[in-house]
Protein chains: 2
Amino acid sequence: MAKSGPAPTINDVARIAGVSKKTVSRVINRSPLLKQATREKVEKVIAELGYTPNPQARALALRRNFLLGLLHDNPNAQTVLNFQEGVLDAIRDTEFALVVRPVDRHSPAMLDDIRNFLELQRLYGVLILPPISENDELAALCREMGCGYVRMGSAALDEAEHLVQSNDREMVEAVVDYLVELGHERIGLIEGPAGFRSAFERREGFLAAMKRHGLDMPSEALVQGNYRFNSGVEAAHQLLSENPHVTAIFASNDEMAAGAYHAARERGVDVPTDLSLVGFDDSPIAAHIWPPMTTVGWPIREMAKAAALKLVAPDTAEAQPSNFPARLVTRNSVAPPAKKI
Amino acid sequence: MAKSGPAPTINDVARIAGVSKKTVSRVINRSPLLKQATREKVEKVIAELGYTPNPQARALALRRNFLLGLLHDNPNAQTVLNFQEGVLDAIRDTEFALVVRPVDRHSPAMLDDIRNFLELQRLYGVLILPPISENDELAALCREMGCGYVRMGSAALDEAEHLVQSNDREMVEAVVDYLVELGHERIGLIEGPAGFRSAFERREGFLAAMKRHGLDMPSEALVQGNYRFNSGVEAAHQLLSENPHVTAIFASNDEMAAGAYHAARERGVDVPTDLSLVGFDDSPIAAHIWPPMTTVGWPIREMAKAAALKLVAPDTAEAQPSNFPARLVTRNSVAPPAKKI
DNA sequence: TTGTAGGCGTTATCAG
DNA sequence: CTGATAACGCCTACAA
């Protein structure tokens, strides 16, 4: 182990091992043209000294920092935090660190801000969460600035090396199948906001499944929210007012689904007896609300880890999957329909 | 503005301004011993070139990175994320960036891990969230390593320059006062886990207020949880079984309070008619649960901003408050007691 | 396969 | 007050 005092530098290692700095540098960077004996000798000294290359010096020389950035404007705190944990799973015990950078999608200066940020911090790469990950200009900016990037999304937004994706469309189809199997025929949809690819995918999956089952989908049974709780309350009220025969509602995320619970209570509609509700995300609120909510869960943490590995270990990047399966989490917010028309 | 191409360096500025690098450096670092005319001349060139000092080079020369670290093991995602936002409010448009570092309180290697982390990244300073902020060894480690730090906590854990605190004890007393004013006399407490200072403070505040009002506090009316939802469910069941005359329960955080809602429903107890419930944190679940929960909110984001400023702007640090008032957020989970003994 | 010289962009030292 | 010169710790180019 290292003694206390100033940390050993590459010079110390070189001197003690009796080789040049460059040779030590080659060992660190796994240069292939090194004699095995030399490598082992140097590695022994490195271990004895507890030497770790100084990231600041490397950053200066390489013009590139050992920092991964997390760009996000996701409204779901748990999603963001799970993602952070996943990234840290990937970079634990490496010299990398994770810097976070919330962005404001609505600011006209957003791209310029990010440009400055990337230029200043010289990040090794960035991980981009939805919905901002759907912005192609942002991806182009990363490419232009020579900054690695991986986007997380609910559709094939980019090439495999720049993407980890969940298949939202398929999952929502599965949700509808499940509801239909239980006997539901009049199902409402609270969709997410325009401009969110996830909202688009989820709606398309819903509509496709309804059509496949030959089920009627009147336009009043589709109401738009903005992914926030309150919009779910309002959307559910509107949907239930215009469409009293609906026996189930799928909301495009858990927060809006929780809003729908809220509206149902205000109207004296019992969940799930009078109305089945399904959300999307499997966020904590789904488990904590009453009755516990049936929803769709996706493996954020694993996706985050894979995304980070694509950036920091490009050699194994090929081995990292880009597609991640979601799963239906059945709890108690769904029951066979009781209502008769 | 800068033209495209390589970013201008201190050499470019020096050459064009006709001064030495060191003089430019002095301008950047606001050295007091500079002639006004020289300073202005250099500043003009800096503005023209759109020059920004390279943080990597500064990090190497100063042996200190312009990075703030966030050390946390807080189970509440929204709290952590709000804190991140607050820190970013403080460092927006500066060269600082925020790196996150979840820690595992239960790992025996935790302190060593953090030591390595600080040594490797040479952070400018760290912000420490509760409950890990209550660990004095960690604070000592920061001091030993010459790393700035600010702790966030619910009590006076450290000197003002290293602390932003909320006064949980007072707030819980206010909660009890509120409940008593409404007529409650038999109030239960679901306290947080041992080892959490916040849990301790909240319990002490509760007990002090009960005593002050001359109210009886049988030991069965105090149950311990672990700040998680499930522990709230169990604690409420136990409390209600052993103490059926309780008309109100204060839970030490919102998540456990949400668990208490859950238990109440399972027992057919109506909130707030049969049982009033109060939480702590004002996390999203408090607003989204039914009926909306009365709770205690504290200004995390402002606290985070102040904490970050204490680190990055030590000159104004004195001006930053260390004490932040919480406030009672009254919603619909509290009503006068209806039960008769 | 290894070593030497020089550079990355900034700050510290110390003389002027 | 200002400037030459030498760090800071690592990497690239080129030479041997």
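Note that the structure is a prediction, hence the values are computed from the model and not measured. Each chain gets a letter, A, B and so on, in the order its sequence line appears, and its residues count up from 1.
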| task | Rounded off to whole Å, could you give me the CG-to-P distance for the A:Asn29 and D:dG9 pair? | result | 17 Å

| Quick one: is A:Arg58 getting a side-chain N or O under 4.0 Å of the D:dC11 phosphate, OP1 or OP2? | yes

| query | Quick one: which of D:dC1, D:dC11, D:dG9 gets closest to the side chain of A:Thr9? | reply | D:dG9

| note | For B:Phe117 and B:Leu71 the tightest heavy-atom approach is CE2-CD1, 4.2 Å

| request: Would you mind classifying the nucleic acid contact of A:Leu60 as base, sugar-phosphate or nothing, using non-hydrogen atoms under 4.0 angstrom? | output: base

| field | Heavy-atom closest contact (B:Pro8 atom, B:Tyr51 atom, distance) | value | O-CD1, 3.2 Å

| request: Give a yes or no answer on whether the side chain of B:Arg151 reaches the backbone of B:Ser133 with a donor-acceptor pair at less than 3.5 Å. | output: yes

| request: Please state whether the phosphate of D:dC8, meaning OP1 or OP2, lies under 4.0 angstrom from any side-chain nitrogen or oxygen of A:Asn54. | output: no

| query | Roughly, in whole Å, what's the span from NZ in B:Lys21 to C1' in D:dA4? | reply | 10 Å

| task | Specify the residue among A:Ile10 and B:Gly18 whose closest nucleotide of DNA chain D lies further upstream toward the 5′ end. | result | B:Gly18

| For D:dG3, does either OP1 or OP2 sit under 4.0 Å from a side-chain N or O belonging to B:Thr23? | yes

| field | B:Thr316 versus B:Lys310, side-chain donor and acceptor atoms under 3.5 Å | value | no

| task | On DNA chain D, check which nucleotide each of A:Lys22 and B:Arg122 is closest to and give me the residue with the more 5' one. | result | B:Arg122

| message | If you compare all heavy atoms of A:Val126 against all heavy atoms of A:Leu311, which two are closest, and at what distance to 0.1 Å? | response | O-CD2, 3.7 Å

| So, does B:His162 use its side chain to make a donor-acceptor pair with the main chain of B:Val150 at under 3.5 Å? | no

| task | Assess the side chains of A:Asn29 and A:Arg58: does a donor N or O sit below 3.5 Å from an acceptor N or O? | result | yes

| query | Just the endpoints, please: which first and last nucleotides of DNA chain C, 5' to 3', lie under 4.0 Å from a heavy atom of chain A? | reply | C:dT1 to C:dG9

| query | Does OP1 or OP2 of D:dT2 have a side-chain N or O of B:Thr38 closer than 4.0 Å? | reply | yes

| note | DNA chain C nearest-nucleotide lookup for A:Lys35 and B:Leu62: closer to the 5′ end is A:Lys35

